[in-house]
Peer 1: 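Dumping the structure here so I can ask a few things about it.
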Amino acid sequence: MPELPEVETVKRGLAPVLEGRVLERVVLNRENLRFPFPDGFGQALMGRRVTSVDRRAKFLLITLDSDMVLIAHLGMSGSFRIFHGPPPAADPHDHVVFLTSENVEIRYNDPRRFGFMDICPKAGLADYPMLKKLGPEPVNPAISGKVLGDRLRRKGSPVKAALLDQTIVAGIGNIYACEALFMAGISPRRKAATVQGGRAEKLAHAIENVLVFAIKAGGSSLKDHRQPSGELGYFQHSFQVYGRAGEPCPRCGGGMLIQQIVQSGRSTFFCSSCQR
DNA sequence: CGGCAAACCTGCGAGC
DNA sequence: TGCTCGCAGGTTTGCC
């Protein structure tokens, strides 16, 4: 599910109910997600006050007053839900439950369990393996065409694959890679290193635009993603190419139909006429 | 080292 | 109706 806009939506939903609150209880309903929960996971969190909720790429970073950081990744199907009143019956995939000092219940649900949670001292965060190799954030501030072009220059792979490479730019996933390339008029099959100059500028702007609009829409709800409030995101209604194989291209209209191909194991949607 | 397929796991829709 | 197959928003691993 979650690419940068969805994780940002989760971050914005969790911040008001977590920041300044104490984690009174942490309940693990199983011993692992993608990885086992680390030893002492619950003990490190319980009784601690949350000082901030942040996002880096697709990772949520919840910092505690002990200067420990809870690192959470939603994988493909993870979601957080907030319950202010009496919570509904537990779902089989409600794997982690947090109860705050305001008596708010926060549940982490993840059917596929590709997500994970870990703890790391704040001082060691920069060396955390999954964080240390991440490329720059693409929004806030926006990545420049120059920086993007420089980072794509060393890639021999197609530009679509390069956008999914979190060490080139952080936070872009399959949907927004397809959408950004369409907006920029760049073929997903084009060699990444050839996206330079004006093309790199266009792509950088497209990435920023699509991500900013998706965040405003609360992300894209295809299947699992929900805002922590329970509301659906609605950016999926704005997809130009993703999931639209066989439909007319929204730009050249009657001409080409949206094509679907597979690149490094992931579906790519594009218009072979508008994207070069 | 770079690039790609496979692996991790569950659920759902399409097709028979 | 019921089964099997393929595919899904991510990341790491291992194999050329």
Side-chain angles (χ1 to χ4, degrees), chain A residues 1-11 29-37 55-60 71-80 91-95 108-118 128-135 138 151-181 188-193 207 210-211 213-215 217-227 232-246 260-269:
Chain A
M1 141 186 48
E3 305 182 32
L4 186 153
E6 290 73 35
V7 180
E8 178 66 21
T9 298
V10 171
K11 179 230 152 185
N29 290 327
R30 51 179 302 125
E31 57 198 24
N32 68 300
L33 292 172
R34 177 173 174 190
F35 310 118
F37 290 101
R55 177 192 60 74
R56 169 75 171 113
K58 301 170 192 170
F59 297 83
L60 284 170
I71 302 170
H73 194 289
L74 306 178
M76 292 279 263
S77 61
S79 62
F80 280 95
D91 176 276
H93 301 301
D94 285 342
H95 304 309
Y108 178 72
N109 182 287
D110 188 355
R112 293 177 72 179
R113 303 202 303 275
F114 285 180
F116 74 91
M117 292 188 196
D118 198 2
Y128 192 83
M130 289 188 182
L131 297 176
K132 71 175 176 191
K133 292 168 70 178
L134 289 173
R151 300 185 72 82
L152 291 173
R153 181 146 34 218
R154 49 195 170 89
K155 295 291 282 188
S157 60
V159 61
K160 161 75 177 340
L163 290 181
L164 294 181
D165 182 343
Q166 301 295 297
T167 71
I168 301 295
V169 189
I172 300 171
N174 203 38
I175 291 175
Y176 299 107
C178 292
E179 294 294 317
L181 287 166
R189 295 194 269 218
R190 171 177 281 276
K191 189 175 167 180
I207 288 168
V210 72
L211 295 179
F213 274 99
I215 291 168
S220 302
S221 291
L222 291 186
K223 196 168 139 30
D224 299 292
H225 171 66
R226 295 206 168 218
Q227 307 190 44
L232 296 169
Y234 53 90
F235 190 76
Q236 66 278 10
H237 302 301
S238 298
F239 292 168
Q240 302 292 293
V241 290
Y242 185 84
R244 296 189 173 280
Q260 178 174 4
I261 61 173
V262 175
Q263 294 180 290
S264 43
R266 318 286 309 271
S267 283
T268 298
F269 300 87

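Order of the sequence lines sets the chain letters (A, B, ...), proteins ahead of strands, with each chain counted from 1.
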Peer 1: Who are the salt bridge (Lys or Arg N to Asp or Glu O under 4.0 Å) partners of A/Arg30, not counting sequence neighbours?
Peer 2: none

Peer 1: Can you confirm whether A/Leu232 sits close enough to A/Arg226 that some side-chain heavy atom of one is under 4.5 Å from a side-chain heavy atom of the other?
Peer 2: yes

Peer 1: Roughly how far apart, to the nearest Å, are B/dC9 and C/dC3 at atom P?
Peer 2: 24 Å

Peer 1: Would you indicate what A/Phe116 reaches in the nucleic acid, counting non-hydrogen atoms under 4.0 angstrom: base, sugar-phosphate, or nothing?
Peer 2: nothing

Peer 1: Please figure out whether A/Arg30 or A/Gln263 has its closest DNA chain B nucleotide nearer the 5' end.
Peer 2: A/Gln263

Peer 1: Hey, are the side chains of A/Val241 and A/Thr268 touching, using non-hydrogen atoms and a 4.5 Å cut-off?
Peer 2: no

Peer 1: Which residues pass the side-chain contact (heavy atoms from CB on, under 4.5 Å) test with A/Asn109, sequence neighbours left out?
Peer 2: A/Ser79, A/Asp91, A/His93, A/Asp94, A/Pro111

Peer 1: Rounded to whole angstroms, how far apart are CD1 on A/Ile71 and C1' on C/dT11?
Peer 2: 15 Å

Peer 1: Stepwise, does the side-chain contact (heavy atoms from CB on, under 4.5 Å) test hold for A/Leu74 with A/Asp224?
Peer 2: CA-CA 11 Å; A/Leu74 306 178; A/Asp224 299 292; over 6 Å; no

Peer 1: Does the side chain of A/Ser77 get closer than 4.0 angstrom to OP1 or OP2 of B/dC9 through an N or O atom?
Peer 2: no

Peer 1: Could you measure between the two P atoms, the one in C/dC5 and the one in B/dA7, and give it in whole Å?
Peer 2: 16 Å

Peer 1: Can you tell me how far C1' in B/dA6 sits from the matching atom in C/dG6, rounded to whole Å?
Peer 2: 16 Å

Peer 1: Please state whether the rings of A/Phe116 and A/Tyr128 are parallel, tilted or perpendicular, taking 30° and 60° as the class boundaries.
Peer 2: parallel

Peer 1: Write down the distance between NZ (A/Lys191) and P (B/dG2), rounded to a whole number of angstrom.
Peer 2: 13 Å

Peer 1: Look at the rings of A/Tyr242 and A/Phe269 and say which category their plane angle falls in: under 30° parallel, 30 to 60° tilted, over 60° perpendicular.
Peer 2: perpendicular

Peer 1: Identify the stems formed by DNA chain B, where each pair is Watson-Crick or G-U wobble with both distances under 3.5 angstrom and a stem is at least 3 consecutive pairs.
Peer 2: B:2-8 with C:10-16, B:10-16 with C:2-8

Peer 1: Taking side chain as C-beta onward, heavy atoms only, is A/His225 less than 4.5 Å from A/Ser220?
Peer 2: no

Peer 1: Expressed as a whole number of angstroms, how long is the span from A/Leu222:CG to B/dG13:C1'?
Peer 2: 14 Å

Peer 1: Contact between A/Gln166 and A/Met130 at the side-chain level, heavy atoms closer than 4.5 Å - yes or no?
Peer 2: no

Peer 1: Quick one: pull up CG in A/Asn29 and NE2 in A/His95 and give me the separation to the nearest 0.5 Å.
Peer 2: 8.5 Å

Peer 1: Counting C-beta onward and ignoring hydrogens, is there a side-chain heavy-atom pair between A/Ile261 and A/Arg189 closer than 4.5 Å?
Peer 2: yes

Peer 1: Report yes if a side-chain nitrogen or oxygen of A/Arg113 is closer than 4.0 Å to either non-bridging phosphate oxygen (OP1 or OP2) of B/dC8; otherwise report no.
Peer 2: no

Peer 1: When you measure from the side chain of A/Ser264, which nucleotide among B/dG11, C/dA8, B/dA5 comes out closest?
Peer 2: B/dA5

Peer 1: How many Å lie between CD1 on A/Ile215 and C1' on C/dG9, as a whole number?
Peer 2: 15 Å

Peer 1: Expressed in angstrom and rounded to an integer, what is the separation of A/Met76 atom CE from B/dA6 atom C1'?
Peer 2: 14 Å

Peer 1: Under 4.0 Å between a side-chain N or O of A/Lys58 and OP1 or OP2 of C/dG10?
Peer 2: yes

Peer 1: CD of A/Gln260 versus P of C/dC7: gap in Å, rounded?
Peer 2: 8 Å

Peer 1: Atom pairs under 3.5 Å, N or O on each side, protein against nucleotides 12-16 of chain C: can you list them with distances?
Peer 2:
from   : atom 1 : to      : atom 2 : distance (Å)
C/dT12 : O4'    : A/Arg34 : NH2    : 2.8

Peer 1: Could you give the CG-to-C1' distance, from A/Asp110 to B/dC9, as a whole number of Å?
Peer 2: 9 Å

Peer 1: To the nearest angstrom, how far is A/Lys223 atom NZ from B/dG13 atom P?
Peer 2: 8 Å

Peer 1: Enter the distance from A/Arg154:CZ to A/Thr167:OG1 here, rounded to the nearest 0.5 Å.
Peer 2: 6.0 Å

Peer 1: For A/Phe114 and B/dC8, say yes or no: do the ring centres fall under 5.5 Å of each other while the ring planes differ by less than 30°?
Peer 2: yes

Peer 1: Is it true that, when you exclude A/Phe35 itself, more than 12 heavy atoms of the residues, nucleotides or ligands shown sit nearer than 6.0 Å to its CZ?
Peer 2: yes

Peer 1: Is the closest side-chain heavy-atom distance between A/Leu211 and A/Glu3 below 4.5 Å?
Peer 2: no

Peer 1: Looking at residues 151-159 of chain A, who's got a heavy atom less than 4.0 Å off DNA chain B?
Peer 2: A/Lys155, A/Gly156, A/Ser157, A/Pro158

Peer 1: Specify the residues of residues 160-170 of chain A, ordered by number, for which at least one heavy atom lies under 4.0 angstrom from an atom of DNA chain C.
Peer 2: A/Gln166

Peer 1: For A/His93 and B/dT10, is the shortest distance between a side-chain N/O and OP1 or OP2 below 4.0 Å?
Peer 2: no

Peer 1: Evaluate the ring planes of A/Tyr176 and A/Phe239, with Trp represented by its six-membered ring, and classify them as parallel (under 30°), tilted (30 to 60°) or perpendicular (over 60°).
Peer 2: perpendicular

